[in-house]
Amino acid sequence: MNLIPLNSKQSESHSNHHGHTKVEKHTGQEEQPAPVVNISKAKGFQKYTCPMHPQIVQDEPGKCPLCGMTLVPLSKAASHEGHGSHSSGISDFKKRFYVVLVLTIPIMLLSEMIQHWLNFHISFIGSKYVLLVLSSIVFFYGGWPFLKGLVGEMRAKNPGMMTLVAFAISVAYIYSVATVFGLKGMDFFWELATLILIMLLGHWIEMKSVAGASRELELLVQLMPDDAHLVTGEKITDVKTESLKENDIILIKPGEKVAADGIIVDGVSYLNESMLTGESKPVEKIKSDKVIAGSINGNGAIRISVSHGAADSYLSQVIKLVQDAQKSKSKTQLIADRAAKWLTLIAIVAGITTFLVWYLSGKDLAFSIERMVTVIVICCPHALGLAVPLVVAKSTALSAKHGLLIKNRTAFENARKITTLVFDKTGTLTVGKFQVVRFVTHSDKYTKEQILQYAAALEQNSEHPIATGITSKAKEMKMELPSVMGFEAITGKGISGIIDRKNMMVVSPGYLQEKFTFLTKEEVVKAEETLVFVLIDDDIAGSIALADEIRPESAEAIKTLHENNIKTILLTGDNATVAKGVCERLGMDSFIAEVLPHQKLEKIKELQSQGEFVAMTGDGVNDAPALAQANVGIAVGSGSDIAAETAGIVLVNSNPKDVVSLIQFGKATYRKMIQNLIWATGYNVVALPLAAGVLYKMGILLSPAAGAVLMSVSTVVVAINASLLKVK
C-alpha cells in the first residue's frame with residue numbers, strides 16, 4: 001500500500017511482459033494532476049490554514065492569499081472546543097463578540113433614536129463624547145478583523161467580503177464622528193455597534209460551521225502518532241515519529257496507531273485501516289506483510305521494519321494529494337470565483353448608486369448612508385465564495401478516508417457524465433492472484449516439473465500476477481530455480497532468457513499464433529483459463545494454465561452501474577475465451593480481448609468517437625495510455641503505483657464496488673455544489689432590492705444589522721449543506 005515519490009526508482013527488470021508497458025506523461029485530462037511530493041519538512045506534520053478560508057493549507061506560517069489574515073496552525077490534536085485547526089480564529093471572534101456585546105448596551109442606551117423609540121431619556125454632560133469613545137472601541141477592537149482583512153485583500157488585489165464589511169463600518173463610523181463635531185444629522189453609533197456585533201456573531205458561528213465542514217483533513221493529520229517505540233537490541237526507547245528512518249525497528253503495542261509504513265518482522269495482529277482505505281473489517285497481518293502508518297493495531301504486539309521516513313509515508317502523501325486537490329480548481333469553482341468577484345463589484349456599485357438615488361431624491365444623509373451600508377453588507381459574496389470550496393474541502397478529505405484519492409478535481413466532478421465504464425480484468429474484476437491449476441509437457445525431452453521449473457526461473461524477474469502465480473507454485477513445490485542469463489522482455493508478448501545454454505521463452509497465446517502460424521485459436525485456447533507456453537530452442541515444450549478468481553463484489557458493482565444506465569465493457573489482454581466467460585458471468589455489456597497496451601488506447605478513442613463519455617479503470621501501469629486517454633481515468637489497486645499514475649483518481653482498494661461509490665459520490669458532490677451556488681446567488685437576488693429599499697413605501701426596510709444577520713445566515717446555510725455530504 002506504500003506510495004512512492006515521483007523520483008523513486010522502480011524496478012524495471014520485471015519487463016512489463018504479459019501486456020505491461022509504462023507511460024510517464026499525462027496528456028488526456030483537462031487539468032494536470034498535482035505531483036505527489038513530500039508533505040512535510042523538518043518540522044514534521046505542522047500545517048497552517050486560514051480561519052476564514054479553510055481550503056488554504058500550507059507548510060509554513062504566513063498570510064492568507066485570499067483575505068490577508070494570519071494563518072493559524074492546523075493542530076494535530078483537536079482543541080477543547082472540538083474544532084482543532086480553527087480554534088484560534090473561533091476563540092478570537094468569540095472574545096471580540098462578548099466585549100462588543102457589553103459595550104453595545106450602553107451605546108444603545110445613550111443613542112437618541114433608541115431613547116425616542118422606547119420613550120425614555122438619558123443625558124449628562126459629555127454623554128455624546130462617552131458615546132464616541134465607546135463606539136470607537138467597538139469600531140477599532142470589534143471591527144479590527146474586518147479592517148485587517150481589507151488591507152490583506154487590497155494587498156492581494158482580491159477585494160471581497162472583508163473589503164465590503166470594512167468599507168461599510170468605516171463609512172458609518174466616520175459619518176457618526178462627524179455628527180459629534182458639528183455635522184447636522186443623527187449619529188449612526190448604535191447601528192454601527194449592532195452591525196459589528198452581528199458580523200462578529202455571524203463569523204463566529206460561520207467559522208464553527210466551516211470547521212465542521214472541513215475537519216476531515218485534520219482527522220487525517222491526527223492519524224499519525226507523535227511518538228514511536230524504537231527497538232535497539234534489547235532496549236526500547238520512545239522517540240518522535242518524524243525522527244524514524246529506513247530500516248529502524250519499532251514496536252507497535254496492542255491498540256496503538258502504527259507510527260510508520262513498514263514490514264512486519266515479528267508478531268501477528270489484526271489492523272484497522274478503515275480511516276485510510278475505507279475497508280471496515282480489520283485486516284489480518286502476519287510476518288512479511290506491509291502495514292500503513294496511521295492504521296490501528298488490534299490485540300497483538302508487532303514489530304515493524306520501517307520502510308521510509310514519515311515524510312514519504314502513505315498517509316503523508318495522501319494528505320498531500322488531498323491538499324493539492326483542494327487547492328486545484330475545477331470549472332465549477334472557477335465560475336463561482338468569477339461570480340464572487342463580480343458580486344463584490346456589484347455590491348460597491350449598488351451601494352453607491354443606492355446612496356445617490358436616495359440622497360438626490362430628497363432623503364437625509366443618515367438615511368441614504370444607512371441604505372448604502374445595508375446594501376454593501378447584504379451583498380458580501382462570502383456565501384458564494386465558500387459555496388464550492390467548502391464542498392471541495394469536505395469531499396476530497398472525506399473520499400481519502402474511504403480509499404478514494406482525488407488527484408484531479410475536474411475528473412472527479414465529470415464522474416456524473418460517465419456513460420460507459422471500461423474495466424481491465426486482472427486485479428479489478430478479478431482477485432488478481434493467479435494460481436497454477438495445471439502444467440503439462442508437450443515434449444518427451446522434459447518432464448512437466450521441469451517445464452514449471454524453467455518458467456519459474458524466468459518469471460522470478462517479474463512482478464506480474466502471472467509471474468507471481470508461477471513462482472508461488474514453484475516455491476510451494478520447493479523447487480530450486482536455475483540461474484538465468486540474458487533476460488529480456490518482449491512487450492505484451494512474454495519474456496526470454498538462457499538457462500543451461502538453452503534459449504527459453506515464456507510467451508502468451510498471441511505470440512504463439514504469430515510464431516507458429518499452423519496453430520488455430522481453438523488449438524491454443526481450449527479452456528476458460530489463462531495459458532502461457534514454454535518454448536525451448538523455438539519448440540513448444542509445455543504449457544501452464546492459471547486461473548484468477550472473480551471478486552465476489554464484481555457482479556453487484558456491474559448490476560448497480562446498469563441501474564444507473566452506465567454500460568460496462570471488459571477490455572483485456574487475455575484471450576477471448578476467458579474474457580467471454582468473465583463477461584457472461586458478470587452480465588457485462590460486451591468485451592474486447594487480446595489487446596496490447598497501445599491497442600487499449602485506440603479502443604478508448606473508438607468509444608469516444610461514438611459519443612460515449614468513457615471512464616477507464618485499470619492497474620495504472622500497463623493501462624496508463626488508456627487511463628490518460630479516457631475522460632475519467634481511475635487507477636484501481638496497488639498503492640505503490642499511485643505516484644507514477646496518469647489517472648485522475650486512485651482507488652486504494654481493488655474493490656470494483658469502490659468504482660460505483662466514486663461515481664455516486666461524484667454526483668452527490670456536484671449536486672451539493674449546485675445547491676450551494678443556487679442558494680448563494682438566489683439569496684442575493686432577493687435580498688439586494690430589499691436592502692436598497694424598493695419596498696420602503698410598503699413599510700418594509702432592512703436595517704444594517706438585519707442585513708448582517710441575513711448575510712451570516714446565508715453563509716452558515718452553505719457550510720451546513722456542505723457538511724451533510726456523505727460517501728455512500
Side-chain angles (χ1 to χ4, degrees), residues 1 28-31 33 216 220 274-280 318 321-322 324-326 328 330 332 391-424 427-429 551 553-569 571 588 604 612-620 623 626-628 630-639 641-642 645-673 725-728:
M1 286 293 204
Q29 298 288 2
E30 296 175 43
E31 169 191 342
E216 276 72 20
L220 286 173
S274 59
M275 284 290 287
L276 298 160
T277 67
E279 176 56 59
S280 58
V318 166
L321 277 175
V322 171
D324 289 339
Q326 288 181 355
S328 67
S330 64
T332 309
V391 177
V392 169
K394 177 77 175 181
S395 65
T396 311
L398 193 61
S399 61
K401 286 170 56 180
H402 289 78
L404 316 176
L405 304 184
I406 300 169
K407 297 171 64 180
N408 183 301
R409 288 296 316 176
T410 300
F412 175 60
E413 291 175 28
N414 281 344
R416 72 187 192 280
K417 301 178 183 178
I418 295 171
T419 59
T420 297
L421 189 54
V422 178
F423 282 96
D424 176 49
T428 305
L429 296 174
R551 290 181 178 276
E553 309 93 351
S554 296
E556 185 179 346
I558 299 300
K559 180 182 177 183
T560 305
L561 290 169
H562 284 162
E563 290 172 353
N564 284 271
N565 299 315
I566 297 174
K567 289 183 282 188
T568 56
I569 297 175
L571 185 64
M588 300 179 73
I604 297 296
E612 301 290 343
F613 197 88
V614 182
M616 169 70 188
T617 68
D619 66 10
D623 298 312
L627 288 171
N631 299 99
V632 180
I634 306 171
V636 181
S638 177
D641 291 323
I642 289 176
E645 294 301 342
T646 55
I649 301 164
V650 179
L651 307 187
V652 177
N653 295 318
S654 298
N655 190 338
K657 289 176 69 175
D658 285 349
V659 179
V660 178
S661 296
L662 170 71
I663 294 172
Q664 293 176 333
F665 188 49
K667 289 180 178 180
T669 299
Y670 186 75
R671 281 197 300 271
K672 286 292 181 187
M673 288 181 180
L725 186 64
K726 296 285 188 296
V727 177
K728 293 184 180 181

Next item on the list: With sequence neighbours left out, write down each residue that passes side chain to side chain donor-acceptor pair (under 3.5 Å) with Thr669, or none if nothing qualifies.
Entry: none
Item checked: Interatomic distance, Leu561 atom CG to Lys567 atom NZ [nearest 0.5 angstrom] -> 13.5 Å
Item checked: Residue pair Met616 / Leu627: nearest heavy atoms and the distance that separates them -> O-CD2, 3.2 Å
Next item on the list: Decide yes or no for Ile604 and Val422: does some side-chain heavy atom of the first lie under 4.5 Å from some side-chain heavy atom of the second?
Entry: yes
Item checked: Main-chain N/O of Thr617 paired to Asp424 side chain as donor or acceptor, under 3.5 Å -> no
Note to self: Within the structure provided, determine whether Glu553 and Asp658 are in side-chain contact (heavy-atom separation under 4.5 Å).
What the structure shows: no
Margin query: The test is side chain to side chain contact (heavy atoms under 4.5 Å, CB included); show your working for Tyr670 and Val391 and say whether it passes.
Written below: CA-CA 9 Å; Tyr670 186 75; Val391 177; over 6 Å; no
Item checked: Stepwise side chain to side chain contact (heavy atoms under 4.5 Å, CB included) test for Ile569 and Leu421 -> CA-CA 6 Å; Ile569 297 175; Leu421 189 54; over 6 Å; no
Note to self: Could you walk me through whether Met673 and Glu413 satisfy the side chain to side chain contact (heavy atoms under 4.5 Å, CB included) test, starting with their C-alpha distance in whole Å, then the side-chain angles of each, then the deciding distance to 0.1 Å, before giving a yes or no?
What the structure shows: CA-CA 10 Å; Met673 288 181 180; Glu413 291 175 28; 3.2 Å; yes
Note to self: Taking side chain to side chain donor-acceptor pair (under 3.5 Å) as the definition, give me every residue that meets it alongside Ser554, ordered by chain and number, with sequence neighbours left out.
What the structure shows: none
Next item on the list: Kindly indicate whether the side chain of Leu571, heavy atoms from C-beta on, has any atom under 4.5 Å from the side chain of Phe423.
Entry: no
Note to self: Do Glu612 and Ile418 have side chains that approach each other closer than 4.5 Å (heavy atoms only, starting at C-beta)?
What the structure shows: no
Notebook entry, point to check: More than 12 foreign heavy atoms under 6.0 Å from NZ of Lys667: is that the case here?
Noted result: yes
Notebook entry, point to check: In Å, rounded to the nearest 0.5 Å, how long is the span from NZ of Lys726 to NZ of Lys672?
Noted result: 8.0 Å
Item checked: Ring center gap for Phe412 and Phe665 short of 6.0 angstrom -> yes
Check: What pair of heavy atoms forms the shortest contact from Val632 to Ala415, and how long is it?
Finding: CG2-N, 4.4 Å
Item checked: Which residues share a salt bridge (charged side-chain N to carboxylate O under 4.0 Å, His left out) with Lys657, sequence neighbours left out -> Glu556
Note to self: Nearest 0.5 angstrom please: Thr420 OG1 to Asn565 CG, how far?
What the structure shows: 11.5 Å
Next item on the list: Please answer whether the main-chain N or O of Phe613 pairs with a side-chain N or O of Thr419 as donor and acceptor at a distance below 3.5 Å.
Entry: yes
Checklist line | Nearest-0.5 Å distance, CG of residue Asn631 to OG1 of residue Thr410 | finding: 12.0 Å
